[in-house]
Amino acid sequence: MKIKIVLFILFLTCHSLLAEDGHDLWLRSKSTTSINIVCKENSPTLEIAKQELKQGWQGKNGETIVLSVKNNKAINHDGFKFTHEGIQANNDFGILYGVYELLRRQVTGEPFKEEICNPSYEHRVLNHWDNLDGSIERGYAGHSIFWRKGNDAFIVTEKDKVLWQEYARANASVGINGAVLNNVNSSPNMLKTETLNRVKAIADILRPYGVKVYLSAKFSSPSAIGGLKSSDPLNPEVIKWWQDKAKEIYSMIPDFGGFLVKANSEGQAGPQDYGRTHADGANLLADAVKPYGGIVMWRAFVYSTSNEDRAKQAYNEFLPLDGKFRDNVIIQVKNGPIDFQPREPFSPLFGAMKRTSLMPELQITQEYLGHSVDMVYLSTMWEEFFKSDTYQEGKGSTVARCTDGSIFQQKHTAIAGVSNIGLDTNWCGHLFAQSNWYAFGRLAWNNQMKSEKIADEWIKLTFKQTSTDKSISSNNWTVNFLKPVKQMMMDSREAAVNYMMPLGFHHIMSAKEHYGPGPWWAPTRMRKDWTPPYFHQADSLGVGFNRTKTGSNAVSQYHEPVASMFNDVNSCPEIYLLWFHHLPWDFKMKSGHTLWDEICYHYNTGLQQVKQFKKTWEKVQPYVDQERFVDVKERLVLQLNNAQLWNDGCVLYFQKFSKKPIPSDIEQPVGKLEEIMKNDMKRPMPWVKR
Ligand code: GCW
């Protein structure tokens with residue numbers, strides 16, 4: 001009996017040692033050597049910096065590192081410099097970022113040399129689409145870490161504080177310095193004093209890590225909670241209401257970052273309800289936060305029920321307002337002109353608004369890219385976006401340079417990522433989705449970084465120190481784990497494009513939660529520009545959305561030579577072909593295949609790629625702890641089901657129009673179109689239980 005108990009305790013101890021639930025993210029270094037830290041100043045942030053150094057130091061035993069806060073004009077914002085003796089920065093946050101970079105390099109093996117590391121953007125912000133009842137719009141990793149329903153909704157517990165601190169630390173470790181705590185589809189209750197008390201509690205925990213809090217504000221707040229008759233931005237009472245609200249917020253949170261606003265978009269209130277413009281609305285809030293140094297991030301994600309091509313609407317509405325915004329307003333623009341699709345060309349607003357600050361909005365949560373089920377590393381997509389050349393100020397006017405202040409004089413620079421974080425133990429649902437949070441931070445810090453390097457870092461930080469078998473040599477680990485896993489990540493986004501929306505297809509997903517295929521979905525009561533047939537335009541003659549001069553002429557919103565390149569079917573990159581062109585099924589592709597065959601080949605390639613990912617992962621089992629291995633393996637099975645469904649659903653559906661055979665040298669669909677269509681809106685989401 002006694003032996004049994006001892007064995008049981010032993011089992012529990014070993015089990016907890018090996019338990020790898022993913023909660024520690026990429027922050028796992030445990031120091032085995034000591035370090036001597038010299039730092040004259042003190043502050044909560046510097047305390048954290050010192051603590052991290054002690055905890056994570058992997059360098060020489062007893063080495064001295066000097067941390068010094070002093071003004072250096074070559075260092076921007078919260079950047080830092082590695083000097084021969086340690087880390088130098090203009091402020092404490094710069095020191096903290098320097099410490100994290102130093103510790104990261106110790107794990108990844110990147111050399112530590114004298115250099116200045118400046119951030120590409122001043123504000124590097126996560127947007128949480130968290131609702132006050134704890135649910136998350138487009139969240140796939142559990143409920144909100146900030147909000148919950150029930151009687152204890154506003155009680156701040158020790159558990160809350162620990163989680164918020166871990167969250168702040170993870171953000172700081174990759175340079176993220178802001179968080180919008182609530183959904184852009186916001187509740188007016190957000191700005192009530194009882195809610196603000198909780199915001200203050202969160203801000204107090206996030207502050208030493210350099211993470212400022214922001215709030216999404218409902219434009220109609222003055223009338224919704226302020227007792228006013230209107231929320232007209234030019235009404236003096238409304239102006240006063242926002243000023244008072246700002247005063248109240250800043251008295252509680254002196255470093256409050258500012259507001260994010262979704263206005264006159266998808267049913268949200270906005271200045272146009274009163275016959276005013278987006279500039280009137282944004283400036284109202286900007287003036288209110290200006291005395292305290294706050295900013296307003298005003299979203300350009302707008303489209304109405306008009307007959308105008310949805311892809312053109314944001315540009316049409318915002319371009320005429322260029323130069324009319326206060327200098328503490330930043331227009332937040334989604335990377336593409338539609339909506340976070342697996343692949344979109346860049347939004348033509350980038351570079352076109354020359355007298356207004358613009359910030360990219362990326363989506364980290366995988367709304368259209370497989371939720372927390374499919375393994376899709378998004379960094380390659382963002383890299384493609386940053387590198388896109390707008391030609392607005394000549395060759396080399398990349399989106400990166402148009403937004404980070406390299407080309408245009410911008411008072412503020414910023415970037416936002418819609419968060420994929422929730423209460424799931426591993427934060428993001430899919431272990432590999434952590435790499436997207438990580439990559440967003442790294443690219444926000446340095447928009448020239450290569451995805452491959454980011455993947456390399458993430459894999460080393462996430463898996464290296466926990467390799468279950470200590471007898472595995474470093475070379476063996478590199479060849480048999482790092483390389484194949486990195487390759488899988490690097491291929492994963494193109495694979496998703498292949499099995500979901502290849503060759504410029506977009507918005508053909510299922511209307512149910514945006515997971516799985518749904519090119520057929522078109523209830524007559526529905527707004528046309530919410531239905532897939534509006535976007536793919538398939539008929540017996542061909543497929544694709546004609547956005548050339550003979551069609552909606554969306555190409556004209558791009559600067560030359562981009563406009564002509566997209567307009568001409570011979571120069572339009574094939575990855576965007578059906579985005580810009582409606583083409584016959586037997587159109588000749590560069591490969592020599594017909595368009596129809598090429599579509600089939602792409603879907604099939606995507607399917608085969610996922611099969612390959614599954615094989616790759618099965619082979620790396622000896623290098624991963626059981627818990628994380630099994631979790632990823634299970635999700636890959638579900639991803640393969642999804643890829644199969646996309647392949648079968650899309651190929652069979654489009655075949656009804658093309659009336660052509662599926663090439664015989666590829667796998668034929670296994671599903672039946674009628675079944676797939678019938679089950680579309682009924683299919684349960686493949687949530688993975690943890
Ligand atoms: O991507 C779409 C989503 C909505 C979202 C909206 C937006 C927050 O389907 O859920 O609402 O865009 O970005 O405002």
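Order of listing sets the numbers, starting from 1, for every ligand and every atom in it.
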S.K.: Does W530 approach ligand 1 within less than 4.0 angstrom via side chain, backbone, both or neither, non-hydrogen atoms only?
M.R.: neither
S.K.: List in chain and number order the residues that pass side-chain hydrogen bond (donor to acceptor under 3.5 Å, both in side chains) with E513, two or more places apart in sequence or in another chain; answer none if no residue qualifies.
M.R.: none
S.K.: Side chains of W129 and N185: donor-acceptor distance under 3.5 Å anywhere?
M.R.: no
S.K.: Looking only at side-chain N and O atoms, does S220 offer a donor or acceptor that is under 3.5 Å from a partner on S231?
M.R.: no
S.K.: Check ligand 1 against H514 and write out every atom of the ligand that is under 4.0 Å from a heavy-atom position of the residue.
M.R.: 9 (O)
S.K.: Considering only heavy atoms from C-beta outward, does the side chain of I364 approach that of W382 to under 4.5 Å?
M.R.: yes
S.K.: Please write down residue, atom name and distance for the protein heavy atom closest to atom 10 (O) of ligand 1.
M.R.: E137 OE2, 2.4 Å
S.K.: Just which atoms of ligand 1 are under 4.0 Å from any heavy atom in K334?
M.R.: 1 (O), 2 (C), 6 (C), 7 (C), 12 (O), 13 (O)
S.K.: For ligand 1, find out whether one of its N or O atoms is nearer than 3.5 Å to an N or O atom of R299.
M.R.: yes
S.K.: Name the closest protein heavy atom to atom 6 (C) of ligand 1, giving the residue it belongs to and the distance to 0.1 Å.
M.R.: E266 OE1, 3.4 Å
S.K.: Please tell me whether N316 and Q557 have a donor and an acceptor in their side chains that are separated by less than 3.5 angstrom.
M.R.: yes
S.K.: Can you pull out the closest protein heavy atom to atom 14 (O) of ligand 1? Residue, atom name and distance to 0.1 Å, please.
M.R.: K262 NZ, 2.6 Å
S.K.: Kindly confirm or rule out a cation-pi arrangement of R547 over F545, judged by NZ or CZ under 6.0 Å from the six-membered ring centre and within 45° of its axis?
M.R.: yes
S.K.: For E361, is the nearest heavy atom under 4.0 Å from an atom of ligand 1?
M.R.: no
S.K.: Identify, by atom number and element, the atoms of ligand 1 in contact range of F301, meaning under 4.0 Å from any of its heavy atoms.
M.R.: 6 (C), 7 (C), 12 (O), 13 (O), 14 (O)
S.K.: Could you find the nearest protein heavy atom to atom 8 (C) of ligand 1 and give me its residue, atom name and distance?
M.R.: N185 ND2, 3.3 Å
S.K.: Hey, does the Lys NZ or Arg CZ of K334 hover above the aromatic six-ring of F301, less than 6.0 Å from the centre and inside 45° of the axis?
M.R.: yes
S.K.: The criterion is side-chain hydrogen bond (donor to acceptor under 3.5 Å, both in side chains); which residues satisfy it with D374, sequence neighbours excluded?
M.R.: Y499, Y515, N642
S.K.: In the protein, which heavy atom is nearest to atom 9 (O) of ligand 1, and how far is it?
M.R.: E367 OE2, 2.5 Å
S.K.: Looking only at protein heavy atoms, which one is nearest to atom 2 (C) of ligand 1, and what is the separation?
M.R.: D339 OD2, 3.0 Å
S.K.: Ignoring hydrogens and geometry beyond distance, is a side-chain donor-acceptor pair present between T195 and N189 at under 3.5 Å?
M.R.: no
S.K.: Report, in ascending order of atom number, the atoms of ligand 1 lying under 4.0 Å from any heavy atom of R138.
M.R.: 3 (C), 4 (C), 9 (O), 10 (O)
